[in-house]
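Single-structure report; data block below.
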Amino acid sequence: MKKSIIIVTWIYIALIGVWGCSVDEDIITQNTGFGEVLEKNIPNNPIVPEIIRNQVVVKFTDSTLNETQKKNLRSDLEQTYDFKILQKEVCDCDPQGPELWTIDTLYTDFMGVQHLVENLVTNYEDNSGEEEVEEGRAIFDYQFYITIANKTLSGHYSSRLGDKIISSTNPDYVNIAIVDTGIDYDYFNDPILYSTRGESNGSFGDSGWDYVNHDKDMRDDNGHGSKVAKIINSELTANQIPHQLLSIKAFDENGRGSYYDIVCSLNYISKLNNIDIVNMSFGWYGLKKQKILKNSIESMENNVLFIASAGNRGLNVDEEIAHFPSGYAIKNLLGVGGYEIEVSEQVEMPDLLDFISIVESNYGPSTIDIAAPINGYFYTMDTESNLTINPTGTSFSAAYIAAIAGKLYDKELTSLQLNNAILNSAYKVQGLQNFIQQGRVIVRR
């Protein structure tokens, strides 16, 4: 566990002083329904995440609403749909950001969270006194959890966060955010982290944020995010590309994270001025109507390119079951699959392309834009103990594409132009056109 937490008042006050903000939770009322926080429904397909049946993720899209107006809207919704908000949470340090409602589901006429999410609208009266319905003032999504990896690495806890933050303000840096289990900066000898200290757009922390433990130390206690970071850092360093990494921790030591913490992570990134690329080596199946995350990605269309892994079940995600966020049809998002190369002897390009196949990775020519190697990422994490890694999965295919994006990055390019530059750099393998859009693959050299 990253840290032990002793809940006493003086520590809480001290943490507010050190971290600059705290978790904002508004407990609105109390009754027996609050005990249902961890109860879930059972989905028809076992790989579809279990929906938390008494929580709803909410985003007010009307930025002009003040807190009183929001409170009135919440009250109207409670009366219309027969539920009660027991607790309202907001993303750390951002009272205007997305909200997580824990609701009382014991009311007689309450029809369940699925009905609630799919039917919630905002009622208001226009100037004539007639009641109208407007669906654009708030968005409502399911809350659920996903797991991306088992615990595989444990650091030395020998480094200070501040020592690994890059102090330079060189405008030529490419800045890459990683939403994952954090980064264990013990495994990086040199400073690699993007500094948020000079940001003035509502951001906080020194470099990224930990939405699991609600503090500024986004140290990885799982290993998945550190491996992703190692691939990106190593590839860019080898090509002498100046870069900075920003870690947003949304997954815990067991690789488990909530949809709401992912939403908060992108909300954090949206407030930063200079992030160019975001790596998202995670995903879920089946739940399509998660508009808040999708809208957040789209809102950064002009400036930020998102890289998302396709998943590792060997499924056709165009036809069998959808996978997200890699399956979102968004201009500034690349869905990345992984390929294997089965060859027993040295083969040169272009003949090597004939030995590429898709086996473990999910696939789909409509939603998977490009593929990179699914394995073969040998790196030394710690020279003293000779700790090496060789991870496998589309999580690391996505990390490699994020590194390719970093190599091709130019501050004059928009995110859409960078996207096209990556696609245009790929080889097109005719035999993979039923698996990957136009059979595009990036060959690692």
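Paired with Lys249 under the rule side chain to side chain donor-acceptor pair (under 3.5 Å), one option of Asp221, Asp261, Asp180, Asn222 passes, and it is Asp221.
Taking the six-membered ring for Trp and thresholds of 30 and 60 degrees, Trp284 and Tyr259 have ring planes more than 60 degrees apart, a perpendicular arrangement. Between Tyr211 and Tyr268, the ring planes are perpendicular. Angles over 60° get that label, and only those under 30° would be called parallel.
With sequence neighbours excluded, the residues forming a side-chain hydrogen bond (donor to acceptor under 3.5 Å, both in side chains) with Tyr285 are Asn362, listed by chain and number. Shown here are the ring pair (Phe, Tyr, Trp, His ring centres under 6.0 Å) partners of Phe83, two or more places apart in sequence or in another chain: there are none. Gln69 is linked by a side-chain contact (heavy atoms from CB on, under 4.5 Å) to Leu65, Asn66, counting only residues two or more places apart in sequence or in another chain. With sequence neighbours left out, Phe188 forms a ring pair (Phe, Tyr, Trp, His ring centres under 6.0 Å) with no residue at all. Residues passing the side-chain hydrogen bond (donor to acceptor under 3.5 Å, both in side chains) test with Asp206 are Lys216, sequence neighbours excluded. Residues meeting the side-chain contact (heavy atoms from CB on, under 4.5 Å) test with Val113, sequence neighbours left out: Ile51, Arg53, Val56, Val117. The side-chain contact (heavy atoms from CB on, under 4.5 Å) check on Asp369 picks up Leu334, Leu423, Gln437, with sequence neighbours excluded. In this view, Ser234 and Lys230, Tyr379 satisfy the side-chain contact (heavy atoms from CB on, under 4.5 Å) rule, not counting sequence neighbours. The ring pair (Phe, Tyr, Trp, His ring centres under 6.0 Å) search around Tyr185 returns none, not counting sequence neighbours.
If you take OG on Ser63 and CD on Gln96, they are separated by 9.5 Å, rounding to the nearest 0.5 Å. Atom-to-atom distance recorded for Ile146:CD1 and Phe324:CZ is 12.5 Å, nearest 0.5 angstrom.
Residue pairs meeting the disulfide bond (SG atoms under 2.5 Å apart) criterion with at least one partner in residues 282-335, sequence neighbours excluded, are absent. Sorted by first then second residue, the ring pair (Phe, Tyr, Trp, His ring centres under 6.0 Å) pairs that include residues 216-236, not counting sequence neighbours, are His224-Phe396.
Side-chain N or O atoms of Asp252 include one that pairs as donor or acceptor with a backbone N or O of Asn254 at under 3.5 Å. Between the side chain of Ser75 and the main chain of Asn72, no donor-acceptor pair closer than 3.5 Å is present. Judged by distance alone, with hydrogens and angles left aside, the side-chain atoms of Ser361 form a donor-acceptor pair with the main-chain N or O of Gly338 at under 3.5 Å. Using modelled atom types, one side-chain atom of Ser270 and one backbone atom of Asn267 make a donor-acceptor pair closer than 3.5 Å.
Side-chain contact between Ile436 and Pro365: absent, with no pair of heavy atoms (C-beta onward) separated by less than 4.5 Å. In this structure, the side chains of Ile103 and Tyr81 stay at 4.5 Å or more apart for every pair of heavy atoms. Under the 4.5 Å side-chain criterion, counting only non-hydrogen atoms from C-beta, Asn302 is not in contact with Thr414. When side chains are defined from C-beta on, Leu153 does not count as touching Asp184, because their heavy atoms never get closer than 4.5 Å. Side chains of Ile232 and Leu245 form a contact here, defined as non-hydrogen atoms less than 4.5 Å apart. For the pair Tyr142 and Gln114, the minimum side-chain heavy-atom distance is below 4.5 Å. Counting heavy atoms from C-beta outward, Val174 and Ile241 have side chains that approach closer than 4.5 Å. Side-chain contact check for Tyr339 versus Pro373: some heavy-atom pair is nearer than 4.5 Å.
For the residue pair Tyr194 and Asn175, no side-chain donor N or O sits within less than 3.5 Å of a side-chain acceptor on the partner. For the 3.5 Å distance criterion, the side chains of Asp186 and Ser159 qualify, holding a donor opposite an acceptor. Counting only N and O atoms by type, the side chains of Ser281 and Asn279 include a donor and acceptor under 3.5 Å apart. Under 3.5 Å, the side chains of His243 and Asn233 contain a donor-acceptor pair of N or O atoms. Residues Asn332 and Glu301 bring no donor and acceptor atom of their side chains to less than 3.5 Å of each other.
Considering every non-hydrogen atom in both Cys91 and Tyr260, the closest pair reads N-OH, 2.9 Å. Minimum interatomic distance between Leu408 and Ser425 (heavy atoms only, all atoms of both residues): CD1-OG, 4.1 Å. Between Gly225 and Ile183, the shortest heavy-atom distance links the atoms O-CG1, 4.4 Å. In plain terms, the two heavy atoms of Asp141 and Gln290 that are nearest each other are OD2-C, 3.2 Å. Taking both residues in full, the closest heavy atoms of Met280 and Pro325 are given as CE-CG, 3.8 Å, listed atom of the first, atom of the second, then distance. The shortest heavy-atom contact between Ala426 and Arg440 is CB-CB, 3.9 Å.
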With side-chain contact (heavy atoms from CB on, under 4.5 Å) as the test, would you mind laying out the steps for Tyr173 and Asn274 before giving the verdict?
CA-CA 10 Å; Tyr173 279 104; Asn274 298 308; over 6 Å; no
Evaluate Glu253 against Arg219 for salt bridge (Lys or Arg N to Asp or Glu O under 4.0 Å), listing each step before the verdict.
CA-CA 10 Å; Glu253 62 180 336; Arg219 184 190 289 271; over 6 Å; no
Between Glu298 and Lys291, does the salt bridge (Lys or Arg N to Asp or Glu O under 4.0 Å) criterion hold? Intermediate values first, please.
CA-CA 10 Å; Glu298 289 179 318; Lys291 295 180 181 179; over 6 Å; no
Hey, mind stepping through Ile422 and Asn419 against side-chain contact (heavy atoms from CB on, under 4.5 Å) and telling me if it holds?
CA-CA 5 Å; Ile422 297 168; Asn419 187 332; 5.5 Å; no
Would you please test Glu235 and Arg444 for salt bridge (Lys or Arg N to Asp or Glu O under 4.0 Å) and show each step?
CA-CA 10 Å; Glu235 293 294 329; Arg444 190 170 178 230; 3.0 Å; yes
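The residues Lys271 and Asp94 are annotated as salt-bridged, a charged nitrogen and a carboxylate oxygen being separated by less than 4.0 angstrom.
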Pair up each side-chain donor or acceptor in residues 305-316 with any protein partner under 3.5 Å, not counting sequence neighbours, and list the distances.
from: Ser309; atom 1: OG; to: Phe282; atom 2: N; distance (Å): 3.2
from: Asn312; atom 1: OD1; to: Thr394; atom 2: N; distance (Å): 2.8
from: Asn312; atom 1: OD1; to: Thr394; atom 2: OG1; distance (Å): 3.0
from: Asn316; atom 1: OD1; to: Asp318; atom 2: N; distance (Å): 2.9
from: Asn316; atom 1: OD1; to: Glu319; atom 2: N; distance (Å): 3.2

